[in-house]
Amino acid sequence: MAARRRPRSAVPRRVATLSVHTSPLDQPGAGDAGGMNVYVVEVSRRLAERGIAVDVFTRATSSDLPPVVEMSPGVTVRHVSAGPFEGLGKEELPAQLCAFTAAVLREEAQHEPGHYDVVHSHYWLSGQVGWLARDRWSVPLIHTAHTLAKVKNAALATGDRPEPRARVIGEEQVVAEADRLVANTDDEAHQLVEHYGADLRRTLVVPPGVDLDRFTPGDRTAARHRLGIADDAVVLLFVGRIQPLKAPDLLLEAAARMLADDPALRDRLQVHVVGAPSGTGLQAPRQLEQLAAELGIADLVRFLPPVHAERLAEHYRAADVAVVPSHNESFGLVALEAQACGTPVVAAAVGGLRTAVRDGVSGVLVEGRDPADYAAAIRAVLARRELLSAGARRHAASFSWERTVDSLVAAYTAAAEEMAMASQGPAPGTLLRPAWALGGVRALGA
Ligand code: UDP
């Protein structure tokens, strides 16, 4: 079917955001809900504040969900019926993409042609839907991968299943089709280019942000009192979905090592794990509880269910160190949030964590996966906590969702201009303005 066209201005007025497998209304920290959900919420809200309306399409996972929910002014969540509401795993969703796409196209067809100016897809499943929507609506497709199968498979945790070939192929297709690929870091952009053959000129580095009004240093003593933590406790904090990739087990092993080296710590050391299980493998907290018992530290470990951001900020403030020992992270928002609260981070020297944490300034990056190295890094941070806390606050302050949105709007606009010019054919002597020449959007390696 021929695409419908209309003359359009390059600055978008309405964005179709696709988030097939997880809803921005879900509580992050469990199941499929994590950093991507936070990203979609923060970006959508700010786009709407700038007068750019956002419709977020996500799969309905319960019959109780209303078809349309206003998440915040100007941001509408549209629940799409695609497959059974419950009991469908993420790995089964590729079979529902046709139903999902049909529903998105039907929704748009109820409006005047040109209802959406841009499609922004999150994760490869949404990229597949966005690809068709882009062709049908003649609008640019902006894609953010969030994670990449080839990268994940190269750093698999024990007990984690490799991502299937179908996903790799699906990602390659989206990379080839998208008008802009948004990477969180230079590292991710290089991965897109090297492993997926992404076009350098269409690959942009747009760092995510952190809400500096919500994640503030605050009063550590008061936070501890509110959470029932003793003033002299040494608190090591893990926040996130409990899954092999995130490796909370490594933190427990490091804590046990710290106790073996310094038995006097036993009265004060605490490990707090905030989050709930996700995916396959480490079906914690039960397995983690078992590990803690085997390591003889069961009495020191507290498992806490996922909490809202306000409460989470209290946990960050109350902690001495946040530990992010992931096998891989495309960014690692938790690390940034902890630093914004003035808590230094010990993190794996992998992926986006190398950007999210400034080694020796806002925390310590650890090469390899030896618990003894993590124990040493935690001790080093504890010894210089005040200095690193100041560094952490400074580092976090260099990120902001406003800047993320500046760059995204510039990318939307540049892609729309390019599409408009391509459809008209360039005027004699006209040079196409490359996306990387726009302010706020850095090209790979620039
Ligand atoms: N999170 C939350 N409550 C919790 C645990 C986590 O709101 O109890 C949020 C956290 O604030 C962060 C996100 O979940 O923004 C996790 O993002 P991250 O990039 O660290 O990891 P991902 O889930 O994307 O792998």
Side-chain angles (χ1 to χ4, degrees), residues 19 21-45 90 122-123 144-149 151-152 155 157 160 163 183-185 187-188 206-216 227 237-248 251 272-279 281-282 284-285 302-319 322-341 343 345-348 350-357 363 396 399-401 404:
S19 178
H21 77 284
T22 180
S23 166
L25 300 174
D26 292 344
Q27 167 64 54
D32 287 328
M36 181 180 131
N37 306 61
V38 172
Y39 191 110
V40 170
V41 169
E42 297 292 344
V43 164
S44 302
R45 181 159 66 83
K90 192 163 135 191
H122 295 270
Y123 195 67
T144 307
H146 293 278
T147 68
L148 293 166
V151 175
K152 199 174 166 198
D160 222 353
E163 291 298 313
N184 285 326
T185 61
D187 202 50
E188 192 187 348
V206 180
V210 59
D211 186 340
L212 294 169
D213 294 328
R214 178 173 272 167
F215 295 106
T216 56
L227 295 173
L237 176 67
F238 171 94
V239 172
R241 291 177 282 165
I242 300 175
Q243 53 183 189
L245 178 85
K246 301 265 178 198
L251 170 57
H272 294 182
V273 177
V274 180
S278 162
L282 245 187
R302 272 197 212 173
F303 292 100
L304 302 146
V307 288
H308 285 288
E310 289 79 20
R311 181 82 172 169
L312 190 56
E314 294 278 59
H315 284 280
Y316 289 134
R317 281 177 205 126
V323 184
V324 187
S326 311
H327 287 264
N328 193 52
E329 286 287 346
S330 75
F331 191 77
L333 290 180
V334 158
L336 211 53
E337 292 162 358
Q339 291 168 84
C341 292
T343 301
V345 176
V346 167
V350 296
L353 290 170
R354 285 188 293 225
T355 303
V357 178
F399 293 83
S400 95
W401 288 117
T404 307

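Count residues from 1 along the sequence. Whatever order the structure lists them in is the order used to number ligands and atoms, beginning at 1.
How far OG1 of T147 is from CZ of F331: 15.5 Å, rounded to the nearest 0.5 Å. Between atom OG1 of residue T144 and atom CG of residue N184 there is a gap of 7.5 Å, rounded to the nearest 0.5 Å.
Using modelled atom types, one side-chain atom of S44 and one backbone atom of V40 make a donor-acceptor pair closer than 3.5 Å. Remark: the backbone N or O of N37 is not paired with any side-chain donor or acceptor of D26 at under 3.5 angstrom. Side-chain atoms of R214 do not come within 3.5 Å of backbone N or O of A309 as any donor-acceptor pair.
Annotation for ligand 1: atoms under 4.0 Å from non-hydrogen atoms of V274 are 8 (O). Set against the non-hydrogen atoms of L312, the atoms of ligand 1 under 4.0 Å away are 1 (N), 2 (C), 3 (N), 7 (O), 10 (C), 11 (O). Using a 4.0 Å cut-off to heavy atoms of V38, the atoms of ligand 1 that qualify are 15 (O). Each of the following atoms of ligand 1 lies closer than 4.0 Å to a heavy atom of G29: 5 (C), 6 (C). Atoms of ligand 1 lying under 4.0 Å from any heavy atom of Q27, numbered from 1 in the order shown and given with element: 2 (C), 3 (N), 7 (O). Close approach of ligand 1 to G332 (heavy-atom distance below 4.0 Å) involves ligand atoms 19 (O), 20 (O).
Judged by the shortest distance from any of its heavy atoms, R311 lies outside the 4.0 Å radius around the atoms of ligand 1. Using a 4.0 angstrom heavy-atom cutoff, A309 does not count as in contact with ligand 1.
Checked for salt-bridge contact, E329 and K246 meet the test: a charged N lies under 4.0 Å from a carboxylate O. Looking at R311 and E314, no side-chain N of the basic residue comes within less than 4.0 Å of a carboxylate O on the acidic one, giving no salt bridge.
At a heavy-atom cutoff of 4.0 Å, ligand 1 is contacted by the side chain of V239 but not by its backbone. When non-hydrogen atoms are compared, ligand 1 lies under 4.0 Å from the backbone of V334 as well as from its side chain. Residue contacts with ligand 1, taken as heavy atom pairs separated by less than 4.0 Å, do not involve H308 at all.
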Determine whether E188 and S330 satisfy the following criterion, side chain to side chain donor-acceptor pair (under 3.5 Å), listing intermediate values before the conclusion.
CA-CA 7 Å; E188 192 187 348; S330 75; 4.5 Å; no
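In terms of polar-atom proximity, defined here as any N/O pair under 3.5 Å, V307 does make such a contact with ligand 1. Taking distance alone, with nitrogen or oxygen atoms compared against 3.5 Å, G35 approaches ligand 1 more closely than that limit. Between F215 and ligand 1, no pair of N/O atoms sits closer than 3.5 Å. Ligand 1 has no N or O atom lying under 3.5 Å from any N or O atom of G34, backbone or side chain. Checked by distance only, ligand 1 and P306 stay at 3.5 Å or farther apart across all their nitrogen or oxygen atoms. In terms of polar-atom proximity, E337 is counted as a contact of ligand 1, with an N or O under 3.5 Å from an N or O of the ligand.
Looking only at protein heavy atoms, the nearest one to atom 14 (O) of ligand 1 is P28 CB, 3.4 Å. Regarding atom 21 (O) of ligand 1, its nearest protein heavy-atom neighbour is K246 NZ, 2.9 Å. When only non-hydrogen protein atoms are considered, atom 19 (O) of ligand 1 lies nearest to L333 N, 2.8 Å.
Ring geometry for H146 against Y39 counts as perpendicular: the plane angle is over 60°, on a 0 to 90° scale with 30° as the lower cut.
Separation of the F303 and F238 ring centroids does not fall under the 6.0 Å cut-off. Here H21 and Y123 bring their ring centres to under 6.0 angstrom of each other.
Residues R354 and T185 bring no donor and acceptor atom of their side chains to less than 3.5 Å of each other.
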